[in-house]
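Since the structure is predicted, the reported quantities are computational estimates derived from the model, not experimental observations. Start at 1 and go down the list; that is how both ligands and their atoms are numbered.
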Amino acid sequence: MEQNYYQKEIETMSAEEMKKLQSEKLVKQVKHVYENVPYYRNLMDEKGVKTDDISGIEDLHKLPFISNADLRDAYPYGLLAKPLEDCVRIHSTSGTTGRRVVAFYTQNDVDLWEDCCARAITAAGGTKKDVCQVAYGYGLFTGGFGLNGGSHKIGCLTLPMSSGNTERQIQFMTDMQATILCCTPSYAAYIGESLKEQGYKPEDIPLKAGIFGAEPWTEEMRQGIEKTLGIKAYDIYGLTETTGPGVAFECSEQTGMHVNEDHFYAEIIDPDTGEVLPEGSKGELVFTSLDKEAFPLLRYRTRDICVLSRKKCSCGRTLVKMAKPMGRTDDMLIIRGVNVFPSQIETVLLKEGYEPNYQIVVDRVNNNDTFEVNVEMTTEKFTDKLSDIIGMEKSLANSMKIMLGINPTVHLVPPKAIARSEGKAVRVIDKRNLI
Ligand code: ADP
Ligand code: ZN
């Protein structure tokens, strides 16, 4: 495939030049954060690091980490580095109660993020002649607006569909001759199945490429989607804390995602000791925002387990590559694209007068996540009247839906029916084999 770049000079920059650029940005960014974010200034003071100690990327390891717990502590404005009047947007993760992450953007932050998404669409073969269907959710979730902005930057005809309403997706895809589809891989697979059911063959579908991410997906799933839709499927990675999708993107080689490292410096650390590991080691992925103005996290621990590689890539890009994330250091599940923590289920159970004896069972059937929660009745709540049980299950499912944003199927089981573990309780049975 002939290579196109959105910002060739950056995307193919030599390693020395890139390091120089990153170093200059880091020195400025550390000053910006130290002066404007008292929360991080305290962390630096506690560690005894001064802004003058940072004269380049090689000094990054001296800086303290920022973790999700810090984000919670500092919620909502504690990590903001610009006056609110200079911010133009917020986005937020799906998590509720304490887990919610709210990220702020200046106009410049939005611009740089959209550039990152434009690089991703271009790497997937997108040009201004393309029709780009964005079927990620629009709203607080970052996916829709991020890819929408990238598509505009390139000059694609953008179809801002948001997610859902599959009938309409298919109608616009075929009537408007969409050539690029952006959505979660599960939704892409679902659209593919629906097209097939309606009698479409891959050659009847105008699409040529898809940009899919925001949740883990396997190589087998990629092959399935590529076959049903007759496209090449590209991975894209990101997280709300650093902007959203577009932190890293796949190229034609499809052997990992190039990190937009002029904006986000990536490190791999040992999750237990915090020590920086050499290239090629498996560990926790950490990002430093080199350019962000409003919400510039330094050394943010993503909790994604990953590997970085500087092996030469056939696409000509020199940006470091990250592997598909290989798991998490915490217990977060991603179900139908939504972040779910077992502790959220626990909160609901306790609030509704149940004991925290439960088990989450997740599976993937026809490329769709199934999500079941088995909950023990307490002796007080115990009943064998079916209509009561159904009513209680519905009410619990509804409270969980309010907490999580997605609907589980709740099964009530008799007291003591869930096997007790001698060690850590087995709260989650994930049958999806995503890794
Ligand atoms: P987003 O809004 O981009 O989905 P969230 O902050 O809700 O971001 O979730 C980010 C997490 O989603 C990441 O830390 C990672 O675990 C997961 N994720 C995002 N993209 C991918 C991807 N392409 N492959 C696997 N996991 C991903
Ligand atoms: Zn490449």
Side-chain angles (χ1 to χ4, degrees), residues 1 3-5 11-12 68 71 91-96 99-103 113 116-117 119-120 122-124 136-147 163 182-188 210-219 221-222 233-260 264 284-287 295 297 300-306 309-341 404-406 432 434-435:
M1 167 174 158
Q3 290 300 328
N4 278 319
Y5 309 99
E11 292 176 60
T12 60
N68 189 262
L71 262 64
H91 280 287
S92 174
T93 56
S94 47
T96 39
R99 297 284 190 178
R100 186 180 288 287
V101 171
V102 174
W113 173 30
C116 291
C117 291
R119 288 181 194 172
T122 308
Y136 281 111
Y138 282 63
L140 285 173
F141 175 60
T142 52
F145 279 102
L147 270 308
S163 56
C182 308
C183 59
T184 59
S186 342
Y187 195 43
I211 300 171
F212 307 131
E215 63 178 356
W217 53 313
T218 57
E219 207 44 56
M221 192 163 167
R222 185 209 304 264
Y234 297 85
D235 204 353
I236 187 167
Y237 169 92
L239 58 169
T240 311
E241 293 89 324
T242 54
T243 47
V247 170
F249 62 96
E250 222 173 25
C251 63
S252 52
E253 203 181 272
Q254 293 186 316
T255 53
M257 294 175 268
H258 288 288
V259 177
N260 283 314
F264 308 103
E284 182 177 349
L285 188 57
V286 171
F287 281 113
F295 201 65
L297 300 185
Y300 179 67
R301 295 183 62 156
T302 64
R303 292 156 293 149
D304 287 319
I305 303 285
C306 205
S309 161
R310 291 214 171 262
K311 238 170 91 189
K312 199 167 180 270
C313 188
S314 60
C315 77
R317 286 179 185 77
T318 48
L319 302 171
V320 67
K321 269 157 83 169
M322 60 176 269
K324 250 180 193 309
M326 299 157 172
R328 309 248 329 151
T329 61
D330 63 6
D331 56 0
M332 185 178 92
L333 290 158
I334 303 183
I335 307 174
R336 295 176 210 144
V338 173
N339 304 347
V340 174
F341 291 89
L404 305 168
I406 54 167
R432 294 176 296 182
L434 290 177
I435 308 301

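Heavy-atom contacts of P325 reach the following atoms of ligand 1: 24 (N), 25 (C), 26 (N) (cutoff under 4.0 Å). Taking every heavy atom of F141 and a limit of under 4.0 angstrom, the matching atoms of ligand 1 come to 1 (P), 2 (O), 4 (O). Taking every heavy atom of T142 and a limit of under 4.0 angstrom, the matching atoms of ligand 1 come to 1 (P), 2 (O), 3 (O). Interface of R328 with ligand 1, defined as ligand atoms under 4.0 Å from a residue heavy atom, comprises 14 (O), 16 (O). Interface of I236 with ligand 1, defined as ligand atoms under 4.0 Å from a residue heavy atom, comprises 20 (N), 22 (C), 23 (N). For ligand 1, the atoms sitting less than 4.0 Å from at least one non-hydrogen atom of E241 are 6 (O), numbered in the order shown with element in parentheses. Residue N339 has at least one heavy-atom neighbour below 4.0 Å for each of these atoms of ligand 1: 5 (P), 7 (O), 9 (O).
Heavy-atom proximity to atom 26 (N) of ligand 1, evaluated over C306, P216, G327, is greatest for P216. The option with the heavy atom closest to atom 21 (C) of ligand 1, from among H91, M322, E215, is E215. With atom 12 (O) of ligand 1 as the reference point, the heavy atom nearest to it among I334, T184, L285 is part of I334. Checking G213, G238, A248 against atom 19 (C) of ligand 1, the nearest heavy atom belongs to G238.
The SG atom of C313, the Zn ion (ligand 2) and the SG atom of C315 define an angle of 110° (nearest 10 degrees). With the Zn ion (ligand 2) at the apex, H258 NE2 and C251 SG define an angle of roughly 110° (rounded to 10 degrees).
Using the six-membered ring where Trp is involved, H91 and F145 have ring planes that are tilted, between 30° and 60° apart.
Atom-to-atom distance recorded for R328:CZ and E284:CD is 8.5 Å, nearest 0.5 angstrom. A distance of 8.5 Å separates OH in Y300 from CZ in F295, rounded to the nearest 0.5 Å. Between the CD1 atom of I406 and the CG atom of L404 there is a distance of 6.0 Å, given to the nearest 0.5 Å. Here the straight-line distance linking atom CG of L285 with atom CE of M322 works out to 5.5 Å at 0.5 Å rounding. To the nearest 0.5 Å, the span separating NE2 on H258 from CZ on R119 amounts to 11.5 Å.
Looking at heavy atoms from C-beta onward, M257 lies in side-chain contact with P325 at the 4.5 angstrom threshold. The closest side-chain heavy-atom distance from F212 to M221 is not below 4.5 Å.
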*asked:* Between R222 and E250, is the salt bridge (charged side-chain N to carboxylate O under 4.0 Å, His left out) condition met? List the steps.
replied: CA-CA 13 Å; R222 185 209 304 264; E250 222 173 25; 2.8 Å; yes
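At distances below 3.5 Å, at least one donor-acceptor pair connects side-chain atoms of Y136 with backbone N or O atoms of G213.
Residue contacts with ligand 1 for D235 involve side-chain atoms from C-beta outward but no N, CA, C or O (heavy atoms, distance under 4.0 Å). Residue-level proximity to ligand 1 for T240 is carried by backbone and side chain together, each with a heavy atom below 4.0 angstrom. Of all the heavy atoms of A214, the ones lying under 4.0 Å from any atom of ligand 1 are found in both the backbone and the side chain.
Residues N260 and G246 approach most closely at ND2-O, 2.6 Å, considering heavy atoms.
For G143, the heavy-atom gap to ligand 1 stays at 4.0 angstrom or more.
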